[in-house]
Amino acid sequence: MLRVLVFSLGCFLPVVIHAQPTADTLQSDLRADSAGVYDGLQRVLDEQRLDTETTSRAVEALTRLTRNPLDVNRASASELSALPHLSPALARRIVRYRVEHGSFASLDALAEIPGLNRSLLRAVRSYLTVASTNADSVGPYPSPPPLNTIVSNLELDLLQRMTRELDPGRGFQSDSAHTTFQGSPVRLTTRVRVGYQRRVQFALTLDKDPGEALRWQPQTATYGFDHITGNFALQDIGRLETLVVGDFSAQFGQGVALWRGLSFGKGRDPVSPLIRSGRGLVPYQSTAENRFFRGVGATVALTPSLSVTAFGSRHHRDATLDSSRVSTEEATGPPPARTLSVGGQHRTPGELAGKDAFGLTTVGSAFEYQTPNLHLGLVGYQSRFDRPLRPPPQPDQRYDVSGTQTSMVSAFATTFVGNYTLFGEVARAPSGRYGVLAGGSLDHEAGVQALLLARRFPKAFHGLYNSAIGESGSTQNEVGIYTGLRLRVSERWSVSAYVDQYRHPWLRFSVPRPSSGIDTRVVVEYDPRPWLSTSVQVRAEQEEKGTERRGPNGRLLSAVQPEERQSVRWHTEYTFSDALTLRTRLQGTRASTSAAPSYGVLLYQGLRFQPLPALHFDARVAFFNTDGFAARLYAYEHDLLYSFSVPVLFGQGQRSYLLVQYEPTSSLTFEAKYGVTWYPHRRTIGSGLNATDGPRVRELRLQVRWQI
């Protein structure tokens, strides 16, 4: 019924609503309201190759920015360059313009900055605001706000979310003869934030995954919700740039040595997201578990150009323990850990056994020197473990972190010479191996952006907290060269492209030989009117994967074979009026190995309808048909605030959803989403404890947000 309703609306509403916009006069820049949250996230994330945890952090960080945007009259170049679409060079131009011409009276004044055209301004304006003037600061450091100003202007943001699979898997069945999940299929998330602007804030996040039980067990650090994170933070208080007590992440340089938090890789924008400018210590508020620091950290400005950062952390991570003993020393101590987990799910006795089993004590520091045209830095850390870390004996894990401690130190630099940006970082691992990333970019005011980036991470270059630009997602065992180009041919046309060639000099998981690959993408965008945009994307990837072949004597031998994947995508958006926007996508994909190629196709029609200022509807119907998992398709969906959904579609079926947002007052928001995926030729969906009997899976998501 939902599929028929949504498809009918998509087909017939354009006939009923004749509010065709006048050319170039429609106020179609919806990015300033909740629609902008969803549209901005789709543009950034829909083209990324992100794992679940990285995507979760990105969605939450970008959503927080839209709800608590950067003050363009206070933000540093590092903070501005962390925004999607803004390169470090363009961020420096904004700061330089602010210093030379005074504070910005409005966001529209940013259009005066060379290279920041109105199209780019529309893409970033939901992350920015004008909330102060330069007069707010006295001398080179921000003046502390009076206590009565802080107290009288505190803002409370409270969010409660509930999501549930309406067709739960076998793990939720009451069968004592088999392993089952110990909790209900409901996921609960609570967020509380109290703060004054971005300068003073207290944040608390509580989360229970589906299958986890609500329990009170102080001996296992479980207090009702399975995951609890929180912090108290101060920013821009005199010489104190940042102080965080509680949970935080750290971002320095290009991520070769130390980077935990928001990051983007190859995507629709082939230049800006790959040039990083670390933000230092950042308060952590994500529901993603395990990858953050817990303790205290601070950054202090010694001079207007020189700052020092120091932090200490005591944290426990999930791990898989090894009960076997290989030495007398290990036999008398705690059993070693074989692997560190990142999923954060504690649903079964086996998963609970590894909860917080690996204790880490980490200390680190950084020195940074910044001028308008130069950024230099040193960063290092050392971690000690409560128990030995002993990876499995598989060859691909031979060079992973092991022992009872690890450390890393690096030097990084970024310099700006006219329209050019040169950057790089070199880091040293405990093995004595050096990891290097270096590059140069051009950001010309005429609408030309280009990037050349090289990276070399040896097989023995291992770290716990690094996450630099790369193909494998691990800053280890990779050598590559990336070239990106973006041309704004005219005010309406733009072309983006990149080529990434890489090689893995050592074995990887399920790949028994050194391997290589190449990834290319071309995107052509056409925006003939403010209310009409369309794009075509062509992507081709080739990578060597593991396989088995029979040798001369009939024995099965490990080998590699090339795997190719090509896709073509056409996407268009048409805004009929401020009340109605239609989105259409057609995508085809081809995947091949030594066997016959497999094909897939996806067609969806989506709409956003706003019949009243306080009421929004977002809906989509998608039809997909693939020859198998190799030709799988992904389609980012609009979701509840601070949440995301990127379903994996393969086989034959339909995917539909309806998202409703109602704001009865400016301080209260209700959201609900219902989604269903139907596979007409399947009797079982999923596998293991997540397997569901029947041809469909449905989910319901509810959320309420209160702000005062």
Side-chain angles (χ1 to χ4, degrees), residues 49-51 254-257 265-266 274 338-340 342 389-403 406 408 410 424-439 452-464 466-484 498-521 539-566 591-595 597 629-630:
R49 179 182 293 178
L50 302 174
D51 57 44
Q254 301 297 317
V256 180
K266 299 179 294 184
L274 287 86
R338 295 180 67 86
T339 59
L340 301 182
V342 297
L389 180 58
R390 191 179 70 203
Q394 280 82 0
D396 61 287
Q397 296 181 282
R398 177 178 178 181
Y399 297 100
D400 289 356
V401 176
S402 61
T406 189
M408 191 167 286
S410 81
E425 182 176 0
V426 55
R428 185 183 187 276
S431 63
R433 303 297 182 182
Y434 289 87
V436 180
L437 184 148
L452 177 63
L453 184 151
R455 59 197 186 270
R456 181 180 182 274
F457 309 131
K459 59 186 178 182
F461 181 76
H462 49 70
L464 280 181
N466 48 355
S467 180
I469 296 296
E471 169 65 23
S472 63
S474 173
T475 310
Q476 182 182 3
N477 186 32
E478 183 172 317
V479 179
I481 296 179
Y482 174 96
T483 305
Y498 72 71
V499 178
D500 187 25
Q501 303 177 75
Y502 54 89
R503 180 172 58 88
H504 304 291
W506 184 246
L507 287 60
R508 295 179 296 133
F509 177 71
S510 75
V511 183
R513 300 284 187 274
S515 57
S516 61
I518 183 171
D519 180 14
T520 60
R521 189 198 309 247
R539 187 175 186 184
E541 303 171 85
Q542 179 178 309
E543 187 176 16
E544 293 178 325
K545 298 288 188 179
T547 188
E548 290 184 334
R549 293 177 180 170
R550 293 196 176 275
N553 57 359
R555 292 175 54 193
L556 286 176
L557 302 177
S558 299
V560 297
Q561 65 179 1
E563 180 179 280
E564 298 181 355
R565 182 178 175 89
Q566 300 92 28
S592 65
T593 56
S594 58
F629 183 75

| request: Could you pull out the closest heavy-atom pair between Gln476 and Pro458, with the gap in Å? | output: CG-O, 3.7 Å
| request: Taking all non-hydrogen atoms of both residues into account, name the closest pair between Ala429 and Met408 and its distance. | output: CB-CE, 3.9 Å
| Backbone N/O of Ala630 and side chain of Arg565: donor-acceptor pair under 3.5 Å | yes
| field | Distance-minimising heavy-atom pair for Pro392 and Thr339 | value | CD-CG2, 4.0 Å
| said: side-chain contact (heavy atoms from CB on, under 4.5 Å) for Ser558 and Arg513? Distances and angles first, verdict last. | reply: CA-CA 8 Å; Ser558 299; Arg513 300 284 187 274; 4.2 Å; yes
| note | Only residue of Arg455, Lys266, Arg508 satisfying salt bridge (charged side-chain N to carboxylate O under 4.0 Å, His left out) with Glu471 is Lys266
| remark: Separation between CG (Leu507) and CZ (Arg398), nearest 0.5 Å, reads 10.0 Å
| Donor-acceptor contact below 3.5 Å, side chain His504 vs main chain Asn477 | yes
| field | Lys545 vs Glu543, side-chain contact (heavy atoms from CB on, under 4.5 Å): CA-CA, chis, key distance, verdict | value | CA-CA 6 Å; Lys545 298 288 188 179; Glu543 187 176 16; 3.5 Å; yes
| Any idea which heavy atoms bring Thr406 and Pro430 closest together, and the distance? | OG1-CG, 3.6 Å
| field | Spatial distance of atom CZ (Phe457) from atom CG (Asn466) [nearest 0.5 Å] | value | 8.0 Å
| query | Hey, what do you get for CG (Leu453) to CD (Gln254), rounding to the nearest 0.5 Å? | reply | 7.5 Å
| query | Does any N or O in the side chain of Glu544 come within less than 3.5 Å of the main-chain N or O of Ser516, such that one atom is a donor and the other an acceptor? | reply | yes
| message | Between Asp519 and Tyr498, do the side chains contain a donor N or O and an acceptor N or O under 3.5 Å apart? | response | yes
| note | d(Arg433 CZ, Arg456 CZ) to nearest 0.5 Å is 8.0 Å
| task | Verify, without hydrogens or angle tests, whether Ser431 (side chain) and Ala460 (backbone) share a donor-acceptor contact under 3.5 angstrom. | result | yes
| task | Examine distances only and state if a side-chain atom of Ser510 and a backbone atom of Gly546 form a donor-acceptor pair shorter than 3.5 Å. | result | no
| request: Under the side-chain contact (heavy atoms from CB on, under 4.5 Å) rule, what do Glu564 and Gln542 come out as? Steps first, then yes or no, please. | output: CA-CA 4 Å; Glu564 298 181 355; Gln542 179 178 309; 3.2 Å; yes
Please tabulate, for side-chain N and O atoms in residues 549-556, each donor-acceptor pair with protein atoms closer than 3.5 Å (sequence neighbours left out).
residue: Arg550; atom: NH1; partner: Gly554; partner atom: O; Å: 2.7
residue: Asn553; atom: OD1; partner: Arg555; partner atom: N; Å: 3.2

| task | Find out whether Ser410 and Val426 are in side-chain contact, i.e. whether some heavy atom of one side chain is under 4.5 Å from a heavy atom of the other. | result | no
| field | Donor-acceptor contact present, side-chain Trp506 to main-chain Pro395, <3.5 Å | value | yes
| message | Are there over 12 heavy-atom neighbours, none belonging to Ile481, within less than 6.0 Å of that residue's CD1? | response | no
| request: Check whether any side-chain heavy atom of Tyr482 sits under 4.5 Å from a side-chain heavy atom of Ile469, and report yes or no. | output: no
| task | Please report the C-alpha distance between Leu340 and Leu464 in whole Å, then the side-chain angles of each, then the deciding distance to 0.1 Å, and finally whether the side-chain contact (heavy atoms from CB on, under 4.5 Å) criterion is met. | result | CA-CA 10 Å; Leu340 301 182; Leu464 280 181; 3.9 Å; yes
| field | For Arg338, salt bridge (charged side-chain N to carboxylate O under 4.0 Å, His left out) partners two or more places apart | value | Asp322
| note | Of all heavy-atom pairs linking Phe461 and Ala427, the shortest is CE1-O, 3.4 Å
| said: Could you report the tightest heavy-atom contact between Val256 and Leu437, atom names first, then the distance? | reply: CG2-CB, 3.8 Å
| request: State, with a plain yes or no, whether a side-chain heavy atom of Ile518 is found less than 4.5 Å away from one of Val499. | output: yes
